[in-house]
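Remarks on the structure that follows.
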Amino acid sequence: MNTTRNPADQPRDGILPAQGIAALTEAGSIRPASPYAADQIQPASLDLRLGRRAFRVRTSFLPGASRSVSTGVGAFAFHAIDLTGGAVLETGCVYIAELQEALALPPDVSAGANPKSSTGRIDVFTRVITDHAVAFDQVEAGYHGPLYAEISPRTFPVLVRTGSRLSQIRFRRGEVRLRDSELADLHARTPLVSAAAPSFQGGVAVSVDLAGFDGLIGYRAKRHTGLVDVDAPGRHRAADFWEPLAADGSGMLILDPGQFYILASKESVVVPPDHAAEMVPFDPLVGEFRVHYAGFFDPGFGFAEAGGSGARAVLEVRSRDVPFLLEDGQIVGRLVYERMAEAPATLYGAGAGSNYQAQGLKLSKHFA
């Protein structure tokens with residue numbers, strides 16, 4: 001009997017879509033502590049939920065190859081926090097939270113994590129950690145074990161609880177990031193950015209728009225505000241948390257050290273249905289600042305057929321140690337694209353939970 005498998009039956013390399021994430025869960029490779037929320041599986045990622053406990057720790061840390069996260073928590077924790085009834089996480093503090101999703105990945109599947117868009121836009125720095133990790137937000141192929149989130153609110157104190165979703169994770173087979181020549185070919189077929197002469201060098205260049213949107217170039221976060229409930233969309237007055245930045249015709253903005261800004265890209269961005277994208281954070285070659293804490297762009301973002309025509313990349317910007325001048329049209333980051341293993345059953349913008357399709361300059365969903 002011939003037992004050779006047809007190559008067409010082999011799993012395809014690429015980012016796993018929603019149906020692939022569901023299949024991993026069915027096979028026991030993703031092990032949720034409770035059933036998923038209705039919109040928890042996104043077109044090319046899975047939202048991760050906070051568990052029952054978090055720990056305030058005195059330092060951020062990586063476990064390293066010989067240590068579990070719980071061992072590090074035992075060494076550095078001040079106290080445990082019960083999240084079941086809700087808890088406030090203060091600015092300037094570092095917390096390690098248990099997550100409800102654990103993994104038992106196949107040997108050919110790895111994963112990468114990022115803050116959710118709404119998390120980045122309220123300046124909550126969060127990274128996923130695994131046992132024996134030597135890098136944040138990276139899950140090695142074949143990993144078996146729990147997941148944790150390091151959480152550090154930078155500007156606003158936040159109210160979280162068991163089930164709150166601050167992070168998201170993508171699963172992939174193989175190395176499927178597009179090379180610069182492949183990006184140029186893809187752009188020729190399906191324009192990825194609206195620039196007349198886009199730059200393809202380690203990704204597609206994205207620049208900042210300081211000409212203005214309806215008289216505004218962006219928002220600067222206020223200090224000493226009230227708290228943000230991460231599970232309460234539309235419940236916070238924008239004026240209580242944000243200072244609008246008026247366009248003055250100069251096309252320039254000086255970033256103050258330690259301040260947090262919401263700006264937007266000059267280009268509209270498109271992610272075709274058979275690809276996913278990610279913003280590369282902080283390139284030291286373009287200046288002393290960081291752009292975009294929350295880097296995932298799902299298939300269909302900005303895609304006209306999914307209602308996203310003209311969508312901009314909203315930029316979460318923080319200067320480092322010195323004032324830094326941004327000018328209209330200055331490159332501030334790059335989008336890298338990866339192939340999907342298959343197109344998702346539902347594109348970004350075509351289903352529930354797509355809060356930022358067709359966006360321009362937009363604050364997070366928490367503000368009205």
Under 6.0 Å from the [atom1] atom of [X], do we count more than 12 heavy atoms belonging to anything else shown?
X: H224; atom1: NE2; answer: no
X: Q19; atom1: CD; answer: yes
X: R67; atom1: CZ; answer: yes

Short question: side chain of [X], backbone of [Y] - any donor-acceptor pair under 3.5 Å?
X: D328; Y: L210; value: yes
X: H366; Y: G234; value: no
X: R121; Y: K362; value: yes
X: H144; Y: G142; value: yes
X: S319; Y: V322; value: yes
X: T25; Y: I21; value: yes

Could you grab the distance from atom [atom1] of [X] to atom [atom2] of [Y], nearest 0.5 Å is fine?
X: T225; Y: F156; atom1: OG1; atom2: CZ; result: 5.0 Å
X: Y95; Y: E90; atom1: OH; atom2: CD; result: 5.5 Å
X: S364; Y: K116; atom1: OG; atom2: NZ; result: 11.5 Å
X: I169; Y: L103; atom1: CD1; atom2: CG; result: 5.5 Å
X: L245; Y: W242; atom1: CG; atom2: CH2; result: 10.0 Å
X: D298; Y: Q168; atom1: CG; atom2: CD; result: 7.0 Å

- [ ] Decide whether M340 and V270 are clustered together by the hydrophobic rule: side chain heavy atoms of Ile, Leu, Val, Met, Phe, Trp, Tyr closer than 4.5 Å, transitively.
- [x] no
- [ ] Check whether V128 and I151 end up in the same hydrophobic cluster, where Ile, Leu, Val, Met, Phe, Trp and Tyr are linked by side-chain heavy atoms less than 4.5 Å apart.
- [x] yes
Check whether any side-chain heavy atom of [X] sits under 4.5 Å from a side-chain heavy atom of [Y], and report yes or no.
X: V134; Y: L62; result: no
X: F367; Y: I122; result: yes
X: V69; Y: T71; result: no

Open item on the list: Ignoring hydrogens, what is the shortest heavy-atom contact between Y337 and P272? Give both atom names and the distance.
Closed with: CE2-CD, 4.1 Å
TODO: Take the angle between the ring planes of F61 and F76 and call it parallel below 30°, perpendicular above 60°, tilted in between.
DONE: tilted
Open item on the list: Can you see whether S207 engages E267 through a side-chain donor-acceptor pair at a distance of less than 3.5 angstrom?
Closed with: yes
Charged tip of [X] within 45° of [Y] ring normal and under 6.0 Å:
X: R220; Y: Y261; value: no
X: R154; Y: F125; value: yes
X: R170; Y: F296; value: yes

TODO: Identify the residue among R173, R12, R172 that makes a salt bridge (Lys or Arg N to Asp or Glu O under 4.0 Å) with D108.
DONE: R173
Open item on the list: Show, in sequence, the C-alpha distance, side-chain angles and deciding distance for E243 and Y219, and conclude whether the side-chain contact (heavy atoms from CB on, under 4.5 Å) test is met.
Closed with: CA-CA 6 Å; E243 174 190 356; Y219 297 89; over 6 Å; no
